[in-house]
Amino acid sequence: MRTGAHVLDTHIDAIGWDEAVSRIASWASQHQSRYVTLCNVHSVVTASQCNEFNKVISQADLALPDGAPVAWALRREGFLKQERINGPDLMWRYLSVAEKIGQSVFFYGSADDTLEKLSARIKKQFPKLRIAGMVSPPFRELTAEEDQAYVDQINKSGAHVLFVGLGCPKQEAWMASHRGRIRAVMLGVGAAFDYHAGTIQRAPKWMQKSGMEWLHRLASEPKRLARRYAITNSVFIYRMVKSVLFGNQPARKEGAG
């Protein structure tokens, strides 16, 4: 069973770190075709404004609370111990488990130089981990033939888990459209490739723990993120305050998993 609550208009799973990693590893051991989304404020606000994206998140096998405000919203709904489960840390925790139990991983997204640096970092940290492959697809819409070639490559590699780093909302839509075609568990981890490769500097630990990592990202990429944060953060705060005052947020919900 999946337990969680609606954050704005999107159901987010209430789940701990160990259970999330265990569930992914269990699905992966059977090469089940599933996908996991990491949802921050941008994700849930976008889902509240776009029915198609809301459907993508709602149909995910797990929709995890990436952003600190999203985790806070779940705690408000009664899941008092809910932590933020972010993409970079989830990826690293799973890699540690995969190395121990012999599962292999594939990386899809980002740029070739980033993947090279990521590979070196992973091999140093997890020397026994099996990397089934790494692919940096073109930054354009693929032809059907190109897409199928990548699907075949991933499946033939025998990868148990596929990390997808295409950015939101592209990676979520990609995973949803490839469920049933990719014989692996797909995790949309956003900028995790860049963080672990060292091409983008991650916020200090104290900012991560205090829910201020978004401020570090804004300071690092103001031109790209300023407008997004101004709009999505304002919508999120307005909707959450409105729900607190008037209690019109969708009710807590449980669904089958």
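- V189 and L166 end up in different hydrophobic clusters when Ile, Leu, Val, Met, Phe, Trp and Tyr side chains are linked at under 4.5 Å.
- Residues satisfying the ring pair (Phe, Tyr, Trp, His ring centres under 6.0 Å) criterion with F106, sequence neighbours excluded, are absent altogether.
- Scanning for ring pair (Phe, Tyr, Trp, His ring centres under 6.0 Å) contacts around Y108 gives Y150, W174, with sequence neighbours left out.
- Distance alone, capped at 3.5 Å, places no donor-acceptor pair between the S119 side chain and the E116 backbone.
- In this structure, T37 and E172 approach most closely via the heavy-atom pair CG2-CG, 3.8 Å.
- Side chains of Y94 and Q103: a donor-acceptor N/O pair is present below 3.5 angstrom, by distance only.
- A ring pair (Phe, Tyr, Trp, His ring centres under 6.0 Å) with W92 holds for exactly one of F126, Y195, F163, F193; it is F126.
- Taking the side chain to side chain donor-acceptor pair (under 3.5 Å) definition, one finds that Q82 meets it with nothing, sequence neighbours left out.
- Hydrophobic cluster membership is shared by V41 and L8, with clusters built from Ile, Leu, Val, Met, Phe, Trp and Tyr side chains linked at under 4.5 angstrom.
- For R183 (side chain) and Q30 (main-chain N/O), no donor-acceptor pair under 3.5 Å exists by modelled atom type.
- Within the 3.5 Å criterion, the main-chain N or O of H160 finds no donor-acceptor partner in the side chain of H31.
- Smallest separation of non-hydrogen atoms from V70 and C39: CG2-O, 3.7 Å.
- Atom NZ of K55 has 12 or fewer heavy atoms from other residues, nucleotides or ligands within 6.0 Å.
- Side chain of R121 to main chain of H196: a donor-acceptor pair is present (N/O by atom type, distance under 3.5 Å, no hydrogens or angles).
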Exercise. Going through the checks in order, is the side-chain contact (heavy atoms from CB on, under 4.5 Å) test met by N86 and L38?
Worked result: CA-CA 7 Å; N86 64 84; L38 284 298; 5.9 Å; no

Side-chain polar contacts of residues 128-147 - donor-acceptor pairs under 3.5 angstrom, sequence neighbours left out - could you list them?
residue: R130; atom: NH2; partner: G102; partner atom: O; Å: 2.2
residue: S136; atom: OG; partner: S110; partner atom: O; Å: 2.5
residue: R140; atom: NH1; partner: E146; partner atom: OE1; Å: 3.0
residue: R140; atom: NH2; partner: E146; partner atom: OE2; Å: 2.8
residue: T143; atom: OG1; partner: E146; partner atom: N; Å: 3.0
residue: T143; atom: OG1; partner: E146; partner atom: OE1; Å: 3.4
residue: E146; atom: OE1; partner: T143; partner atom: N; Å: 2.9
residue: D147; atom: OD1; partner: H178; partner atom: NE2; Å: 2.8
residue: D147; atom: OD2; partner: H178; partner atom: NE2; Å: 3.1
residue: D147; atom: OD2; partner: R181; partner atom: NH1; Å: 2.8
residue: D147; atom: OD2; partner: R181; partner atom: NH2; Å: 3.0

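- Heavy atoms of other residues, nucleotides or ligands lying less than 6.0 angstrom from CG of D152 number more than 12.
- Nearest heavy-atom pair across D66 and G87 is OD2-N, 3.8 Å.
- Every residue two or more places apart in sequence or in another chain was checked for a ring pair (Phe, Tyr, Trp, His ring centres under 6.0 Å) with F53, and none qualifies.
- Looking only at atom types and distance, the side chain of N54 has no donor-acceptor partner in the side chain of S48 under 3.5 Å away.
- Side-chain heavy atoms closer than 4.5 Å link hydrophobic residues (I, L, V, M, F, W, Y) into clusters, and following such links, possibly through other members, connects I24 to L95.
- For D13 (side chain) and I15 (main-chain N/O), no donor-acceptor pair under 3.5 Å exists by modelled atom type.
- Using a distance-only test at 3.5 Å, with no hydrogens or angles considered, a donor-acceptor pair links the side chain of D61 to the main chain of Y35.
- V56 and V44 fall into different hydrophobic clusters, where Ile, Leu, Val, Met, Phe, Trp and Tyr side chains are chained together by heavy-atom contacts under 4.5 Å.
- Legend: residues meeting ring pair (Phe, Tyr, Trp, His ring centres under 6.0 Å) with W17, ordered by chain and number and at least two apart, are absent.
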- Item | side-chain contact (heavy atoms from CB on, under 4.5 Å) assessment of V105 paired with I122 | CA-CA 11 Å; V105 294; I122 291 174; over 6 Å; no

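- When atom types are taken as modelled, the side chain of Q171 and the backbone of G167 share a donor-acceptor pair closer than 3.5 angstrom.
- Counting all heavy atoms, side chain and backbone alike, I12 lies closest to L64 at CG2-C, 4.0 Å.
- In terms of heavy-atom proximity, R2 sits nearest to R23 at CG-NH1, 4.1 Å.
- Here the closest non-hydrogen pair linking L162 and A184 is N-CB, 4.3 Å.
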